[in-house]
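Written below as structure tokens is the structure these notes are about.
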Amino acid sequence: MTKRWVNRPEGSTWGDWGDDDQLGRVNLLTADRIKAAAAEVQDGLSFCLSLPLDLPGGSTVNPKRHPPKFGPVFHPPGGKDFYYNMDWSKWQDGNMDVSSDECTTLWNQYSTQWDSFAHVGHQFDADGDGELERVYYNGFRADEHILGPDHPDGMGARALSVAGMAKAGMQGRGVMLDMVPHVGLERAIIGYDELMRMMEADKIEVEEGDFFLFHTGWDDLILEMNGDPDAEKLHSSGAVLNGYDEKLLQWITDSGVVALVSDNMAVEDSKGFGETQGGCSRLPIHRHCLFRLGVHLGELWHLSELANALSARGRSRFMLTAPPLFLPGAVGSPVSPIATI
């Protein structure tokens, strides 16, 4: 065990589950919590909560992320024959097999995704010496644990990667709030008071250890655009949480949620910038959740079908199974979540 900090951020969970903890509130997904999630399965219906991973399409919605690219595999390695619709009789007399193989280049956070704690850190005086360090959840350090592409040992998160999430399973009870009936599809910045009004109206309760999901209509807009997104329309549509509302940040702290999940691009307004807890930030909910609390964020999930099914049954709770790829070193991951009601 190695304590990596002298100071911890005010209100954080650093060290609550041990000096070397990399799971944060995923530690709350105990056997009892998973059994409670399983008890929400009443109809035996499952919903895939992933968009097709080649959507939104193009790079206008987020210029630094690109759609998946398929590439060929050759047989034999270094040869000129594509391992795609390959006729094995060319290589083995009498063999009637035909087979295909491929490689894929993925931008891990292009479409439906999880953010790991290595995705967003903060400049913070963790050493207590008056100097700011670039640190991530529980005091893990840039260039020591989260290595950049110029590092001699190669890039990647040696701590806090999605691999820990995958091994933990990311399974528990989900709670859904559909914001569309309350605020429509226009851009709406949702603070604590508005969130509480919606939850009270829909009789939604969130308990410690729950996954909290909210639907804004972004998923259906993306699907309707069919791979040719109107970035301006998307960025002016749908609800986003107000990360500059201190009451909302405190609710995330007090709620005990394991993760916040939405169908929009960032859970919060990705175009903001301003003063918030701990100094200026462009993504204060990312900082509050990933850096301070150990709460994962899920983005661009396909929630409309599940939201409609739950609404038709007068329900808001379900069982969620959503492990990321077991990819050591990755700071984010595609995910194909399954909700069962």
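Residues: numbered from 1 along the sequence shown. Bear in mind that the values here come from a model prediction, so they are computed numbers and not experimental data. Atoms considered below: every heavy atom in the structure, side chains included; atoms not considered: hydrogens, waters and symmetry mates.
Checked against the 6.0 Å centroid threshold, Trp301 and Phe214 do not count as a close aromatic pair.
Between Leu234 and Met225 the shortest side-chain heavy-atom distance falls below 4.5 Å. You'll find the side chain of Asp16 stays beyond 4.5 Å of the side chain of Asp21, heavy atoms only. Counting heavy atoms from C-beta on, the side chains of Asn264 and Glu299 never come closer than 4.5 Å.
Using bins of under 30°, 30° to 60° and over 60° for the plane-to-plane angle, the ring pair Phe117/Tyr137 lands in the tilted bin. The aromatic rings of Phe82 and Phe74 sit tilted relative to each other, their planes meeting at an angle between 30° and 60°. Ring planes of Phe211 and Trp114: tilted class, angle from 30 to 60°.
Residues Val267 and Ile285 approach most closely at CG1-CG2, 4.5 Å, considering heavy atoms. Contact detail for Pro323 and Val335: the closest heavy-atom pair is O-CG2, 3.5 Å. The shortest heavy-atom contact between Pro76 and Trp91 is CD-CH2, 3.4 Å. In plain terms, the two heavy atoms of Arg187 and Gly238 that are nearest each other are NE-O, 3.0 Å.
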Inset, instruction - Apply the test salt bridge (Lys or Arg N to Asp or Glu O under 4.0 Å) to residues Arg134 and Asp143: give CA-CA distance (whole Å), side-chain angles for both, the deciding distance (0.1 Å), then the verdict. - result: CA-CA 9 Å; Arg134 292 178 297 154; Asp143 296 327; 2.4 Å; yes
